[in-house]
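Only one structure is covered here, and it is reproduced in the block below.
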Amino acid sequence: MKKRIAVLLSGRGSNFEALAESVASGRIPNAEMALVVSNREGAPGIEKARERGIPARVIPSKGLERETYDRQVVAALEEAGINLVCLAGFMRLLSPYFVERFRGRILNIHPSLLPAFPGLEAHRQEIEHGVKFAGCTVHFVDENLDAGPIILQAVVPVLDDDTPETLAARVLAEEHRIYSEAVRIVLEGRYRIEGRRVLLEPPKN
Ligand code: GAR
């Protein structure tokens, strides 16, 4: 049985597209992109999903309490028989209810080398702080913001003439690469968790 992936997003959807490409090309084998959910009307990622013929739903979050909203999303994920939930620019903290229902089966991509620069505007903060290296992180999601066990990270240099935009573009290319790699590792069960550490195992073939 193919593993069924859902992507949750709020905007552009480039990480969703990278994952969808990896599923289509077999870089993420034995998987199906089964559902895309946006909490915002008009998120470009939803249109991109529909163009690819992937089921896509807007479930608006505006004005709803966190758990009330999350119950709607969890119901949609369960109805679609989802095995793995990938947050990709989904700009919401998940409730304990959501995390518990999909414990160990929710991933997030964040555009910094966590635990440095969690939250919003990581690239601007990195440049202002003067760090020489930036990057991105794929991690398991827990109840805290950008906090769960780290699966993969990638590093990029920060150049003297970088703006938040130029740095973001350099990081984004790495996001697209490591998110697919992390999804493959998790779907193949090639890891074990010891405390906060995700220890990776080599491919089985
Ligand atoms: C990505 O850079 C992702 O890492 C970031 O939002 C962007 C979404 O782009 N996520 C966060 O900041 C989450 N804290 P995309 O919609 O093109 O994938």
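Atoms within each ligand, like the ligands themselves, are counted from 1 in listed order. Because only heavy atoms are used, hydrogens play no part in the values below, and waters and symmetry mates are left out as well, while side chains stay in. Heads up: numbering here begins at 1 and tracks the sequence. Only a predicted model underlies this, so the values are computations on that prediction, with no experimental measurement involved.
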query = Can you find a heavy atom in the side chain of Leu77 that is under 4.5 Å from one in the side chain of Val85?
reply = yes

Check against side-chain contact (heavy atoms from CB on, under 4.5 Å), Leu167 and Val156 = CA-CA 9 Å; Leu167 178 56; Val156 304; 4.1 Å; yes

ask   = Between Phe102 and Val74, is any pair of side-chain heavy atoms under 4.5 Å apart?
value = yes

message = Check whether Arg124 reaches the backbone of Leu120 with its side chain - one donor and one acceptor, N or O, closer than 3.5 Å.
response = no

key: Protein contact of atom 5 (C) of ligand 1 - nearest heavy atom, named by residue and atom, plus distance   = Pro111 CD, 3.8 Å

query = For atom 8 (C) of ligand 1, which protein heavy atom lies nearest, and how many Å away is it?
reply = Gly89 CA, 3.7 Å

note = The atoms of ligand 1 lying under 4.0 Å from a heavy atom of Ser14, numbered in the order shown, are 15 (P), 16 (O), 17 (O), 18 (O)

request  = Give yes if a backbone or side-chain nitrogen or oxygen of Asn108 is under 3.5 Å from a nitrogen or oxygen of ligand 1, and no if not.
outcome  = no

query = Going by heavy atoms, is Met91 under 4.0 Å from ligand 1?
reply = yes

message = Return the closest protein heavy atom for atom 9 (O) of ligand 1 as residue, atom name and distance.
response = Arg12 NH2, 3.1 Å

query = Remaining members of Met1's ILVMFWY cluster at a side-chain heavy-atom cut-off under 4.5 Å?
reply = none

key: Protein heavy atom at shortest distance from atom 14 (N) of ligand 1   = His110 ND1, 3.2 Å

query = Closer than 4.0 angstrom: is that true for some heavy atom of Ile109 and an atom of ligand 1?
reply = yes

query = Closest non-hydrogen protein atom to atom 4 (O) of ligand 1, residue and atom name please, with distance?
reply = Glu175 OE1, 2.7 Å

ask   = Can you find an N/O atom of Gly13 closer than 3.5 Å to an N/O atom of ligand 1?
value = yes

ask   = With Tyr191, which residues qualify under side chain to side chain donor-acceptor pair (under 3.5 Å), at least two apart?
value = none

query = Is a side-chain N or O of Gln153 found less than 3.5 angstrom from the main chain of Leu114, in a donor-acceptor match?
reply = yes

Ligand-residue contact atoms, ligand 1 with Asn15, heavy atoms, under 4.0 Å = 1 (C), 15 (P), 17 (O), 18 (O)

Over all atoms of both residues, closest heavy-atom pair of Leu35 and Ile54 = N-CG2, 4.3 Å

